[in-house]
> 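The structure under discussion is supplied below as structure tokens; questions concerning it will follow.
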Amino acid sequence: MSNINNYIAENKDRFLEELFDLLRIPSISADSAYNDDVARTAELVKQRLEEAGADKVEICPTGGHPMVYGEKMIDPNLPTVLVYGHYDVQPPDPIELWDNPPFEPIIKTTEAHPEGAIFARGACDDKGQMYMHVKAFEVMMKTDTLACNVKFMIEGEEEVGSENLEAFLHDNVEKLKADVIVISDTGIIANDTPSITVGLRGLSYLEIEVTGPNRDLHSGLYGGAVGNPINILSKMIASLTDEDNHITIPGFYDKVAVISSEERAEMAKAPVDDSNYIEPLELGAVEGEAGYSSLERVSIRPTLDVNGIWGGYTGEGAKTVLPSKAYAKISMRLVPHQESDEITELFTKHFQDIAPDSVKVKVTPHHGGTPYVTPTDFIGYQAAKKAIEASFGKTPIPVRSGGSIPIVALFEEVLGLKSVLMGFGLDSDAIHSPNEHYGVFNYVKGIETIPLFYKYFAELKR
Ligand code: BES
Ligand code: MN
Ligand code: MN
């Protein structure tokens, strides 16, 4: 493997420069004002795949933002790795909290990244991690070490729920035929504590509109006699969890898989405790469901969070008003074997049930996703484990993550393929937040680890 590492060392600066080019385009999938930038990013990914040596590179329309596909089929007797990633990013807001402009990448050191980190929206989620695969592919092509056939599938709608991807999968089952899917869009515990993500939570995301009176009212003339939709929405939301932080929606926990005490004991060995939350986030204390550790609360247990709440007067100064409407966006993270559609239905019914007659409630579902668990005895996981052992010099710890990548469960359902979640980000990399960054160490380590994954996967598959 020394050839490979030499090639990476010699080309490291260019690998960073090329990533910077991608990071400079604001490919914000949620905001149609950026549609041209999203399209330009897809073009650049296509060009870079071609330059790295991929064949049949194309931009596939999906009905939404396009998917970039490319492949290198070297030998029908070798296994095929399907690489999934996304080139779209989250909006950078609140933009005033960035120390440097979000689409002008810059390298700075941090406590977790003494060797430097790339600061930009998408640096870690997911342009930096996706591009490691493109560069690892170049490395394997240039050093003549490509050990598997490879297909790339880089999408542009992950951050808005991958809603057009399911149809794309159904339409392209043959084209996407492979032996394993590998994804770098998750994290490790720390740079000296590698881990592999073996679980993703599912998701139900809803928007609520509560209407009281048919117009905004003077809060003196009407307040006291007319229900205030903001007061009422607040009470309704507060009632969704009890004093133990259990969710009160009837049936919500019915299908939640009970995790064995053996598995919980195994999880407790991960070097993560409450101080990992309290210190960096400057919290007074952690908070969550009674009877579970923080790590369990963000992985094996479902949650309900208000993502946004608004209504009434929020401008400068004071305006006395009893508003007509109140709104909230609510997400529930789900665990095996909860089903997104069913949870959305339970929520909607319950929310209608608890609404007083003084208001009307409208619940609109947004995107959802099914939870996913990677079995550790499958060879994709074993190959990732061996690859990380070789590149980090330590055995990775399997951990379930709290985040969601909704398409992963559909890969299994539609394509019959399991996914290996071999991501290299850190929780402290501030994905979705201001000052998102990705360690230069992590970027290079990823490029080193991926060829090892191909090598071990081909060996184990033989
Ligand atoms: N890459 C993240 C998910 C992630 C991050 C999983 C870190 C595990 C560890 C992905 O881009 C993401 O943000 N997913 C969204 C869901 C989507 C439907 C918007 C999420 O988890 O909120
Ligand atoms: Mn991502
Ligand atoms: Mn994301």
Side-chain angles (χ1 to χ4, degrees), residues 15-16 19-20 22-23 27 83-90 92 98 102 105-136 154-155 158-159 181-201 270-272 276-277 280-281 295 298-299 333 372 374 384 387-388 391-392 394 396-408 419-450 453:
F15 289 177
L16 282 166
L19 172 58
F20 279 29
L22 271 176
L23 293 171
S27 50
V83 176
Y84 165 83
H86 62 97
Y87 65 81
D88 65 320
V89 301
Q90 285 278 326
W98 286 75
I106 177 174
I107 294 182
K108 296 189 292 186
T109 58
T110 70
E111 209 175 304
H113 296 295
E115 297 177 37
I118 307 147
F119 281 76
R121 171 57 84 231
C124 176
D125 183 13
D126 177 45
K127 285 173 175 168
Q129 298 213 64
M130 172 273 284
Y131 204 60
M132 297 181 317
H133 285 271
V134 180
K135 290 300 95 178
I154 314 296
E155 75 149 315
E158 198 279 340
E159 298 293 7
I181 296 178
V182 62
I183 304 172
S184 297
D185 194 22
T186 54
I188 51 176
I189 294 173
N191 284 352
D192 59 2
T193 314
S195 54
I196 299 177
T197 301
V198 292
L200 293 167
R201 286 196 285 190
V272 176
N276 290 69
Y277 298 88
L281 304 177
L295 195 57
V298 299
S299 61
R333 296 280 169 174
Y372 184 75
T374 307
I388 287 178
S391 66
F392 282 75
K394 281 188 183 170
I397 303 170
V399 288
R400 289 199 197 190
S401 169
S404 309
I405 308 176
I407 200 63
V408 173
S419 295
V420 182
L421 300 160
M422 195 170 73
F424 297 90
L426 300 183
D427 281 356
S428 59
D429 286 347
I431 64 170
H432 295 205
S433 302
N435 302 313
E436 174 178 353
H437 54 277
Y438 188 45
V440 174
F441 167 88
N442 304 67
Y443 183 59
V444 174
K445 213 29 139 192
I447 299 172
E448 286 172 18
T449 307
I450 292 162
F453 172 80

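Here the structure is a predicted model, which means the values were calculated and not measured.
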> Test of understanding: with ring pair (Phe, Tyr, Trp, His ring centres under 6.0 Å), list the residues that count as partners of Y87, not counting sequence neighbours.
none
> What residues form a side chain to side chain contact (heavy atoms under 4.5 Å, CB included) with P114, not counting sequence neighbours?
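Per chain and number, P114 pairs via side chain to side chain contact (heavy atoms under 4.5 Å, CB included) with no residue.
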> Please enumerate all residues that pass side chain to side chain contact (heavy atoms under 4.5 Å, CB included) together with T110, with sequence neighbours excluded.
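Checked T110 against side chain to side chain contact (heavy atoms under 4.5 Å, CB included); matches are A112, H113, F119, H437.
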> Holding to side chain to side chain contact (heavy atoms under 4.5 Å, CB included), I want the full list of residues that pass it with S391, two or more places apart in sequence or in another chain.
K445, T449, L452
> Partners of Y84 by ring pair (Phe, Tyr, Trp, His ring centres under 6.0 Å), sequence neighbours excluded?
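Result, ring pair (Phe, Tyr, Trp, His ring centres under 6.0 Å) vs Y84: F411.
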> Who are the ring pair (Phe, Tyr, Trp, His ring centres under 6.0 Å) partners of Y131, not counting sequence neighbours?
none
> So M130 and L22, side-chain contact (heavy atoms from CB on, under 4.5 Å) or not? Walk me through it.
CA-CA 11 Å; M130 172 273 284; L22 271 176; 4.3 Å; yes
> Mind checking side chain to side chain contact (heavy atoms under 4.5 Å, CB included) for T109 and listing every partner two or more places apart, or none if nothing turns up?
none
> Using the salt bridge (Lys or Arg N to Asp or Glu O under 4.0 Å) criterion, which residues pair with R400? Sequence neighbours excluded.
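Listed in chain order: E263.
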> How long is the span from the CE atom in M132 to the CG atom in D126, to the nearest 0.5 Å?
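With rounding to 0.5 Å, CE (M132) is 8.0 Å from CG (D126).
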> Residues two or more places apart in sequence or in another chain: which of them pass side chain to side chain donor-acceptor pair (under 3.5 Å) with D185?
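Partners of D185 under the side chain to side chain donor-acceptor pair (under 3.5 Å) test: H86.
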> So, taking the atom named CD1 in I388 and the one named CD1 in I188, what distance separates them when rounded to the nearest 0.5 Å?
7.5 Å
> Please list, chain by chain and in numerical order, all residues satisfying side chain to side chain donor-acceptor pair (under 3.5 Å) with S419, sequence neighbours excluded.
none
> Given side-chain contact (heavy atoms from CB on, under 4.5 Å), test V272 with I189 step by step and report yes or no.
CA-CA 8 Å; V272 176; I189 294 173; 4.1 Å; yes
> Using the salt bridge (Lys or Arg N to Asp or Glu O under 4.0 Å) criterion, which residues pair with E436? Sequence neighbours excluded.
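In terms of salt bridge (Lys or Arg N to Asp or Glu O under 4.0 Å), with neighbours along the sequence ignored, E436 is linked to R121.
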> Among all residues two or more places apart in sequence or in another chain, which pass the side chain to side chain donor-acceptor pair (under 3.5 Å) test with S404?
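Scan of S404 (side chain to side chain donor-acceptor pair (under 3.5 Å), adjacent residues dropped) gives R333.
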